Each structure stands twice: as C-alpha cells, then as structure tokens.
Chemist: 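Would you mind keeping the following structure in view while I ask a few things?
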There are 2 protein chains.
Amino acid sequence: MRILIVEDEPTLGRQLKTTLEQNGYAVDLSVDGEDGHFMGSTEEYDAVILDLGLPEIDGLTVLGMWRKEGRKFPVLVLTARDSWSDKVAGLDAGADDYLAKPFQTEELIARLRALIRRASGNSSSELIAGDVRLDTRSGRVTLNGEPVKLTAQEYKLLSYLLHHKGKVVSRTELIEHIYDQDFDRDSNTIEVFVTRIRKKLGPDVITTIRGLGYSLDDPAQPRG
Amino acid sequence: MRILIVEDEPTLGRQLKTTLEQNGYAVDLSVDGEDGHFMGSTEEYDAVILDLGLPEIDGLTVLGMWRKEGRKFPVLVLTARDSWSDKVAGLDAGADDYLAKPFQTEELIARLRALIRRASGNSSSELIAGDVRLDTRSGRVTLNGEPVKLTAQEYKLLSYLLHHKGKVVSRTELIEHIYDQDFDRDSNTIEVFVTRIRKKLGPDVITTIRGLGYSLDDPAQPRG
DNA sequence: CCTCGACGATCAGGATACGCATTCGCGGCT
DNA sequence: AGCCGCGAATGCGTATCCTGATCGTCGAGG
C-alpha cells in the first residue's frame with residue numbers, strides 16, 4: 001500500500017515516513033501544499049495523510065481541489081488540537097478521518113489501516129479468498145489454516161490483490177502501489193513475485209489475464 | 001512497560017519514579033497538568049498514574065481530554081483524601097482504578113500490574129508461550145519449569161512481547177515501550193537483547209519478521 | 001491445423017540491505 | 001576495587017530482492 005504524507009514540518013514528516021515504512025507501506029513525502037497537491041493528483045495512493053496547517057496553500061484547499069478533480073483516496077487529516085472548527089471543515093471538505101496533533105504513532109497506524117480497509121469495501125481486518133486468509137492486523141497469512149511465511153514484498157503484493165479482490169489489476173498499478181516514487185518501472189519484479197506467491201499458495205490463487213494484468217478471484221464468483 | 005506519572009509534588013513523584021524503575025518499568029515524570037497532558041498525548045504509554053490534586057489544570061480535566069482524544073491507556077488515579085465523590089468522578093471521567101493517598105507502594109505496584117495485564121487482554125498474571133512462562137507478579141521466568149535468570153532489559157523486552165503475543169512488534173514500538181523519553185532511537189540494542197534472550201530461552205522463542213520486527217507466537221498458531 | 005509473434009513464467013546470478021554475534025568501554029552496584 | 005549489566009560499534013553471514021536471460025505458452029492469422 002502506498003501513502004502520501006503532506007507535512008510541512010520536516011522532522012515530523014521524516015519520522016512518520018520511517019514509521020510507516022517499517023509497517024510495510026511505500027511512502028512519499030511532500031513538504032508543501034503545492035507539491036503535495038501535484039503528487040496527489042498525478043500518482044496513485046491508497047491513502048493520504050494531510051496536515052491542515054500548511055504554509056502557502058491551505059490544507060483544506062488542497063483537499064478540496066483533489067475532491068473536485070475526482071480523487072477518491074481516503075484522506076486522514078492532521079490538525080492542531082482544540083480546533084474543533086477545523087475538524088468540521090475538514091470533514092466537510094471530504095476528509096475521511098481526523099487526528100489531532102500531537103498523536104500516538106500506534107493510533108495513526110491503526111486508523112490508517114482502518115481507512116484503507118474501508119476504502120476497499122472490507123469490513124473485517126481479515127481478507128479471505130478461497131483457502132487463503134490474510135490478517136492485516138497481525139500480518140499473518142494462512143493457507144487452509146496452515147501458516148505460510150511470506151517475505152515483505154510478497155506480502156505487499158498479495159495484500160494489494162486481496163484488497164481489490166475480483167478486479168483486474170495491471171502490472172503498472174501494482175508497481176505504483178507497492179513501490180514509492182523512485183523506482184525503475186521497467187522490470188519484471190511483479191512477475192517474479194507472482195511466481196513466488198503461486199509457489200507458496202498454489203498456482204490457482206492468482207489468475208493471469210493476458211495483456212491486462214492479474215486478478216485474485218473469490219471462488220464464490222469465479223472467473224470463466 | 002512504560003509508565004507516565006503526573007504528580008505535582010516533587011518528592012512523591014521522584015520517589016514513585018525510582019520505585020517503579022526498580023520494578024522494571026520505564027518511567028516518565030511530569031510535574032504539572034499541562035505538560036502531563038502533552039506527554040500522554042504524544043508518547044506511547046502502557047499505563048498512566050495521575051494525581052487528581054494538580055495545580056493549574058485539574059487532573060480530571062486532563063483525563064477527560066485524553067479520553068476525548070481517544071487515548072486508551074489505563075489510568076490509575078491518585079487522590080489526597082479518601083473522598084468517595086472524587087473516586088466516582090474519576091471513574092466517570094474514564095479512570096480504570098483508584099488509589100487513595102497515602103498508600104503502600106506495594107499496593108500501587110500490584111494495581112499497576114493488574115491494569116496493564118487487563119489492558120493487554122490477559123486474565124492471568126502468568127504469561128505463557130510454549131515452554132516459556134513469565135509470572136508478572138514475582139517477575140520470574142521459567143523454561144520448562146526451570147527458572148531462568150533474566151536481566152532487567154531482557155525481562156522488559158520479553159514481557160512486552162508476551163503482552164502482545166501473536167502481533168508483529170516493530171523495533172520502534174519496542175523502543176518506545178521499553179525505554180523512557182530520552183533515548184537514542186538509532187541503536188541496535190533491541191537486536192542485542194533479542195539475541196541474549198534467544199541464548200537463554202532458545203532460538204525459537206522470538207520469531208524475526210524481516211523488515212517489520214519481531215513476533216512471539218503462540219505455539220497453538222505458529223508462524224510458518 | 002500449424003506457425004509465428006508476443007507475452008508471461010521461470011531460473012540463476014549478483015547486489016544489497018538486514019539482522020546477528022561479538023567485542024569493548026562505560027557506569028552503577030556490591 | 002571488582003563485578004555485572006547495559007549500550008555502542010564493528011564485521012560477518014544470509015535472506016531477500018532485482019536483473020537479465022531463457023524457456024514456455026497462449027492466441028491470432030494464415
């Protein structure tokens with residue numbers, strides 16, 4: 001999952017970035033509203049963390065612009081505490097959740113996870129497809145109840161597919177959501193990891209759609 | 001486990017801090033309500049000891065603010081008199097336990113231990129994973145019934161992992177909960193102590209999740 | 001029905017980041 | 001003073017990742 005952080009205070013920004021990366025996210029960091037807006041408009045994110053107290057362009061404005069452009073990613077808004085009005089305005093402008101500074105990193109992680117889960121239409125923290133189960137909280141994957149050990153990248157790939165179960169996911173989409181901004185897009189890593197996942201979870205878990213990408217299907221509604 | 005003490009009376013505060021530290025807790029001490037509130041909002045604590053009789057901001061107010069912000073740590077409230085009304089008000093405001101001054105330090109320790117235990121969802125004071133048992137009351141660790149001598153830091157680390165059995169715990173999370181505020185976060189101490197614990201309790205007690213952190217697994221549901 | 005082209009799968013190699021063990025010096029405690 | 005635990009630094013080993021090459025397969029068109 002790929003996250004955009006728009007935070008003008010460099011210290012907090014970097015700290016957030018490392019924390020999120022340690023939790024398995026690909027993270028881009030933007031330090032001002034204009035650049036942040038551009039990034040959010042051009043790149044593919046699964047969630048955005050937006051500080052309202054930005055210089056130059058106001059965070060609310062950025063959020064409003066995104067929504068007007070039709071950007072749908074969930075936005076978690078950070079604001080100084082006690083500014084109740086900010087919260088209301090933020091939610092009005094299309095924010096999906098709200099966190100007052102200062103906050104605890106663990107809470108941020110938890111909310112982020114919930115946001116992404118909700119955005120993909122899942123209600124439980126457990127993603128299931130056939131015999132495969134992935135618990136986003138504990139980071140555990142099981143096959144027929146048997147625990148399977150996945151590496152970080154394998155996990156990210158599988159997680160993204162599960163979050164978009166039934167949809168055809170193109171290779172570029174996968175790259176965009178698994179890696180952060182600076183990454184060589186001309187490589188076959190995706191294929192490699194698909195192969196590895198198939199080796200661990202069975203060949204039928206991920207379906208190849210020739211010329212389009214991959215798909216992870218719910219066996220309840222299998223692909224023809 | 002990391003504790004925050006909010007206590008305006010310096011003597012009692014320092015005394016509590018040392019006592020708790022001798023009992024294996026990492027302790028931050030705050031001497032007024034405003035600072036205390038800030039610390040509780042920013043840092044990661046496993047429990048908070050809060051004196052109600054604070055100058056400036058009232059303890060109850062601080063507690064109320066925390067709960068409104070969504071802080072979930074268990075709070076043990078101290079009050080000067082044995083006034084029933086204070087107790088009721090405290091519990092109303094979201095306190096988890098209550099202790100009247102003056103009190104026996106032993107009782108404080110005992111209640112604190114119970115609070116942390118309950119917060120992590122454990123019903124017994126004994127934490128068990130495989131052949132390893134840790135008794136939070138006596139602070140003793142056994143391996144297959146054989147007592148094992150752990151140093152303070154080793155104990156803290158193991159204890160935290162046991163309290164969060166099955167979850168993947170990142171290095172930063174461990175540092176945040178084992179050490180107090182001022183500590184160099186760029187160090188490899190966690191790895192060192194993991195190594196030392198493995199030497200004493202066997203290599204399979206703590207599982208490494210590469211790139212994410214560590215996990216202590218219930219043998220009933222082992223990791224692959 | 002066969003052939004060819006394009007796309008995807010697989011494999012093996014090297015690079016790298018990550019975690020581990022060890023060592024050492026410091027400081028507190030006995 | 002001597003011991004012990006703690007934390008910092010270092011070098012090593014290895015899992016993991018990426019790359020490039022090769023092999024396999026699907027499908028369109030003849």
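Quick caveat, the model's predicted, so the values are computed rather than measured. A note on names: the letters A, B, ... follow the listed sequences, proteins ahead of strands, and every chain is numbered from 1.
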Chemist: List in chain and number order the residues that pass salt bridge (Lys or Arg N to Asp or Glu O under 4.0 Å) with B/K72, two or more places apart in sequence or in another chain; answer none if no residue qualifies.
Modeler: none
Chemist: In degrees rounded to 10°, what angle is found between the helical axes fit to the five outermost pairs at each end of the helix from C/dC1-D/dG30 to C/dT30-D/dA1?
Modeler: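 Rounded value for the end-axis angle: 30°.
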Chemist: The criterion is ring pair (Phe, Tyr, Trp, His ring centres under 6.0 Å); which residues satisfy it with A/F73, sequence neighbours excluded?
Modeler: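 Only A/W66 meet the ring pair (Phe, Tyr, Trp, His ring centres under 6.0 Å) criterion with A/F73.
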Chemist: If you assign B/S187 and B/K149 each to the DNA chain D nucleotide with the nearest heavy atom, which residue ends up on the more 5' nucleotide?
Modeler: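 Residue closer to the 5' terminus by nearest nucleotide: B/K149.
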Chemist: Tell me, for nucleotides 19-24 of chain C in 5' to 3' order, what letter each nucleotide earns: B for a base near a protein heavy atom under 4.0 Å, S for only sugar-phosphate near one, - for neither?
Modeler: SSBBB-
Chemist: Going by atom type alone, with no hydrogens or angles, which donor-acceptor pairs under 3.5 Å involve a side-chain atom of residues 137-148 of chain B and a protein atom two or more places apart or on another chain?
Modeler:
residue, atom, partner, partner atom, Å
B/S138, OG, B/D135, OD2, 3.1
B/S138, OG, B/R140, N, 3.4

Chemist: Which is the 5'-most and which the 3'-most nucleotide of DNA chain D that has an atom under 4.0 Å from a heavy atom of chain B?
Modeler: D/dG5 to D/dT16
Chemist: Do the side-chain N and O atoms of A/R198 and A/T208 include a donor-acceptor pair separated by under 3.5 angstrom?
Modeler: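 A donor-acceptor contact under 3.5 Å links the two side chains.
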Chemist: Would you say B/N23's side chain and B/T19's backbone share a donor-acceptor pair under 3.5 angstrom?
Modeler: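 Side chain of B/N23 to backbone of B/T19, a donor-acceptor pair under 3.5 Å: yes, one is there.
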Chemist: Flag the pair A/K167 / A/S215 as yes when at least one side-chain heavy-atom distance between them is below 4.5 Å, and no otherwise.
Modeler: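 Counting from C-beta outward, A/K167 and A/S215 never come under 4.5 Å.
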Chemist: Please check if the side chain of B/R71 supplies one atom and the backbone of B/S41 the other of a donor-acceptor pair under 3.5 Å.
Modeler: yes
Chemist: If only atom types and distance count, is the side chain of B/K165 paired as donor or acceptor with the main-chain N or O of B/I128 below 3.5 Å?
Modeler: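 Side chain of B/K165 to backbone of B/I128, a donor-acceptor pair under 3.5 Å: yes, one is there.
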Chemist: Identify, with sequence neighbours excluded, every residue that meets ring pair (Phe, Tyr, Trp, His ring centres under 6.0 Å) alongside A/F183.
Modeler: A/Y179
Chemist: Excluding sequence neighbours, so at least two apart, what forms ring pair (Phe, Tyr, Trp, His ring centres under 6.0 Å) with B/H163?
Modeler: none
Chemist: Residues two or more places apart in sequence or in another chain: which of them pass side-chain hydrogen bond (donor to acceptor under 3.5 Å, both in side chains) with B/T136?
Modeler: none
Chemist: List the residues meeting side chain to side chain contact (heavy atoms under 4.5 Å, CB included) with A/T172, not counting sequence neighbours, and say none if there are none.
Modeler: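 Applying side chain to side chain contact (heavy atoms under 4.5 Å, CB included) to A/T172 gives A/S170.
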Chemist: For residues 45-53 of chain B, dump all side-chain donor-acceptor pairs below 3.5 Å to protein atoms at least two apart in sequence or in another chain.
Modeler:
residue, atom, partner, partner atom, Å
B/Y45, OH, B/D28, OD2, 2.7
B/D46, OD1, B/H177, ND1, 3.0
B/D46, OD2, B/R2, N, 2.8
B/D46, OD2, B/H177, ND1, 2.9
B/D51, OD1, B/G53, N, 2.9
B/D51, OD2, B/K101, NZ, 2.8

Chemist: Given atom CZ of A/F193 and atom P of C/dT10, what is their separation to the nearest angstrom?
Modeler: 14 Å
Chemist: Can you sort out which residues in residues 153-163 of chain A have a heavy atom within less than 4.0 Å of DNA chain C? Ascending by number, please.
Modeler: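 Listed by number, there are none.
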